[in-house]
Asks: 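This is the structure I have questions about; it appears just below.
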Amino acid sequence: MAGNRNFSKAKLLNSRFSFISCLYYMNKLKKIGFLLAFLVPILWCLGVWLGGFWHYFTPIFVFILIPILDYLIGADAQNISDDVFDSLNKDQYFKYLTLLWVFVQLGILVYAFYLVAANAIAAIYLPGFVLGLALVTGGIGITVGHELGHKSNKLERFAGQVLYMMVFYMHFHIEHNRGHHVRVATLEDPATSRKSETFYQFWFRSVVGGWQSAWELEKARLQKANLKTWSGANMMIWYSILPLLFVGFATLGFSLWLGEFIWQIPVLFFAQSILAFSLLEQVNYIEHYGILRRRKENGRYERVNPLHSWNANHLISNLFLFHLQRHSDHHTYANKRYQVLAHHDESPQLPSGYPAMILLCLVPSWWFRKMNPLLERWEKTREEYKIL
């Protein structure tokens, strides 16, 4: 069983061009590689500036070009050596990279408000415009918010909540950290997808169940502290109000500026929010599909370990997603920073990175045909690992 500091030099699994991965590590290009995430808002802006069908280029890049690059370059299963772990873990560059994203995303969202207020986007291009925006705020923005929300530093946690505010999903900060990470891979967890459950069934259960769970967790916290549920101490009340205040002030500001009510701003805000948190729920669906922890004789679940999340080591998509796809290690050691997350050989492996898997899960018959045999194989092979 791989431990918290087991960073042996694993072979580069499934890599068609392993020399690329070797050079990539030897020249420390991975540090620069995480900047690739900022290519998504750049491409969205490029689509706006070029106009026309270029508005669709960001979704095409994410869902077609990145999977092709994942296939060509392959997987990267190499871990960080123990002698550089501490220095890399403390490197402030990686923290400031995620904090920078907050300002980039806020600027992009305000710019999008301006564009719809000015009727600068033709109706035929709006689907690409809005989906591209959701890939900025949800595809990467929620990923960064997730990373920041796990940190003990107050500034980072605040920044993560600001990112959730921009997609009207602030309750995720409570449910994910205090609910999902405790109940993952159990039937009690709304964010753990069941075997042969479609994404569409899961979406409703996870969205509604996650919101209800966040309320229950917050009520329990307040009761323990002898505080009233309906008070200013209830973060769920603030998490419900703050996004409305954000879009309300944006609408008011642009309406006063242009001298008319700009209804397009709240419509855009809620449209991109729904798409953004739906991308998050697709990722939840993919990461935990069908995996359940065993119960011990005392009725308690076995502790969370690298067997309990699907993992994806595809190099390119992992750079765009700040190593989110090394999800097995994240659930085993939730406080680890993204740059030091490790690969575990025993973790169940996805056949591709998240962008391709997101498309696949939209077609249930294709998803079941691909994933159910892999899940059944995991159910058999996990018996080799008696980790209780």
Side-chain angles (χ1 to χ4, degrees), residues 1-8 146 149-152 171-197 201-202 204-227 229 235-236 281 283-311 324 326-336 340-350 371-388:
M1 172 62 190
N4 188 23
R5 299 294 297 275
N6 180 14
F7 298 98
S8 60
H146 165 263
H150 274 289
K151 300 300 166 279
S152 58
H171 70 276
F172 183 74
H173 182 72
I174 295 173
E175 159 55 22
H176 180 80
N177 289 28
R178 287 154 48 191
H180 175 61
H181 269 264
V182 175
R183 299 176 299 207
V184 66
T186 72
L187 297 178
E188 289 79 30
D189 178 33
T192 293
S193 48
R194 321 295 194 232
K195 182 179 181 181
S196 297
E197 177 182 41
Q201 294 169 320
F202 168 80
F204 183 81
R205 183 170 57 78
S206 185
V207 170
V208 175
W211 186 83
Q212 291 174 334
S213 174
W215 267 102
E216 291 167 2
L217 289 165
E218 187 63 0
K219 283 170 64 177
R221 181 187 71 84
L222 293 169
Q223 288 172 1
K224 188 176 180 180
N226 293 317
L227 296 171
T229 299
M235 294 309 298
M236 281 298 292
E281 296 300 350
V283 169
N284 274 334
Y285 179 81
I286 291 163
E287 290 169 340
H288 302 291
Y289 178 71
I291 291 181
L292 294 174
R293 284 186 278 159
R294 294 172 293 197
R295 282 186 183 271
K296 297 188 285 186
E297 292 180 359
N298 61 7
R300 299 182 66 181
Y301 288 104
E302 62 183 328
R303 66 181 176 85
V304 178
N305 63 62
L307 296 175
H308 297 135
S309 302
W310 290 96
N311 198 69
L324 179 67
R326 287 192 167 186
H327 206 63
S328 300
D329 197 43
H330 167 69
H331 264 283
T332 308
Y333 310 109
N335 292 327
K336 262 191 182 181
V340 295
L341 288 173
H343 162 76
H344 297 270
D345 288 331
E346 65 271 28
S347 299
Q349 301 296 317
L350 291 169
M371 291 301 297
N372 281 2
L374 295 177
L375 179 58
E376 289 160 8
R377 189 182 308 163
W378 170 81
E379 290 169 342
K380 292 178 181 178
T381 57
R382 77 166 180 174
E383 296 305 319
E384 301 173 13
Y385 302 94
K386 301 297 182 182
I387 308 166
L388 295 174

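Everything numeric in this text was worked out from a predicted model, so none of it was measured. We use all heavy atoms of the structure for the numbers below, so side chains are in, but hydrogens, waters and symmetry mates are not.
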Asks: Measuring only between side-chain heavy atoms, which start at C-beta, is L350 closer than 4.5 Å to N311?
Replies: no
Asks: Give, for atom CD of Q201 and atom OG of S196, the distance between the pair rounded to the nearest 0.5 Å.
Replies: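 The distance works out to 9.5 Å.
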Asks: Just how far is it from atom NE2 of H176 to atom NE2 of H171, taken to the nearest 0.5 Å?
Replies: 12.0 Å
Asks: What is the minimum heavy-atom distance between E197 and Y285, and which atoms define it?
Replies: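 So the minimum-distance heavy-atom pair works out to O-OH, 2.6 Å.
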Asks: Counting N and O atoms only, with roles assigned by atom type, does the side chain of R205 sit under 3.5 Å from a partner on the main chain of P190, one being a donor and the other an acceptor?
Replies: yes
Asks: State the OG1-CD distance between T381 and E346, to the nearest 0.5 angstrom.
Replies: 10.5 Å
Asks: Would the H331 and H180 ring centres measure less than 6.0 Å apart?
Replies: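 Between H180 and H331, which both carry aromatic rings, the centre distance is below 6.0 Å.
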Asks: With a 6.0 Å cut-off on the ring centroids, do H308 and H327 count as close?
Replies: no
Asks: On a heavy-atom basis, which atom in Y289 and which in L375 lie closest, and how many Å separate them?
Replies: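 Answer, listing the atom of Y289 first, then L375: O-CD1, 3.8 Å.
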Asks: Does some side-chain heavy atom of N177 sit less than 4.5 Å from a side-chain heavy atom of F172?
Replies: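 No, their side chains stay 4.5 Å or more apart.
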Asks: Do H173 and H150 get their side chains close enough for a donor-acceptor pair, meaning under 3.5 Å?
Replies: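 Note: H173 and H150 side chains miss the donor-acceptor criterion.
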Asks: Indicate every side-chain donor-acceptor pair of residues 206-216 with a distance under 3.5 Å to a residue at least two apart or in another chain.
Replies:
residue, atom, partner, partner atom, Å
S206, OG, E281, OE1, 2.7
S213, OG, E175, OE1, 2.4
S213, OG, R183, NH2, 2.4

Asks: If every non-hydrogen atom of V283 is compared with every non-hydrogen atom of L324, which pair is closest and at what distance?
Replies: CG1-CD2, 4.1 Å
Asks: Rounded at 0.5 Å granularity, tell me how far CG in L222 sits from CE in M236.
Replies: 11.0 Å
Asks: For Y301 and L187, work out which heavy atoms get closest and say how close.
Replies: OH-N, 4.5 Å
Asks: So do H343 and R326 actually touch side chain to side chain, heavy atoms under 4.5 Å?
Replies: yes
Asks: Do the non-hydrogen side-chain atoms of T192 and T186 ever get within less than 4.5 Å of each other?
Replies: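 Side-chain contact under 4.5 Å: no.
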Asks: Output all residues satisfying side chain to side chain contact (heavy atoms under 4.5 Å, CB included) with E376, sequence neighbours left out; order by chain, then residue number.
Replies: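 Once residues adjacent in sequence are excluded, the partners of E376 under the side chain to side chain contact (heavy atoms under 4.5 Å, CB included) criterion are K195, N372, E379.
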Asks: As a quick check of understanding, evaluate side-chain contact (heavy atoms from CB on, under 4.5 Å) for H288 and D189, giving each step before the final call.
Replies: CA-CA 10 Å; H288 302 291; D189 178 33; 5.7 Å; no
Asks: Check salt bridge (Lys or Arg N to Asp or Glu O under 4.0 Å) between E218 and all other residues, then give those that pass, not counting sequence neighbours.
Replies: R178, R221
Asks: Run the salt-bridge test on R295 and E302 with the 4.0 Å N-O cut-off and return the result as yes or no.
Replies: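 Salt bridge flag = no for E302 with R295.
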Asks: Given side chains that start at C-beta, do those of R194 and L292 come closer than 4.5 Å, heavy atoms only?
Replies: no
Asks: Looking only at the side chains, is there a donor atom on one of S328 and S309 sitting less than 3.5 Å from an acceptor on the other?
Replies: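 No, no side-chain donor-acceptor pair sits under 3.5 Å.
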Asks: First locate atom CG of N284, then atom CZ of F202, and finally report the distance between them rounded to the nearest 0.5 Å.
Replies: 5.0 Å
Asks: Quiz question: by atom type and distance under 3.5 Å, do the side chains of D329 and H344 form a donor-acceptor pair?
Replies: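 There is such a pair between these side chains.
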Asks: Give, for atom CZ of R293 and atom CZ of R300, the distance between the pair rounded to the nearest 0.5 Å.
Replies: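 One finds 10.0 Å between CZ of R293 and CZ of R300.
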Asks: Is P348 close to L374 at the side-chain level, that is, under 4.5 Å between some pair of heavy atoms?
Replies: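 The answer is no; the side chains never approach within 4.5 Å.
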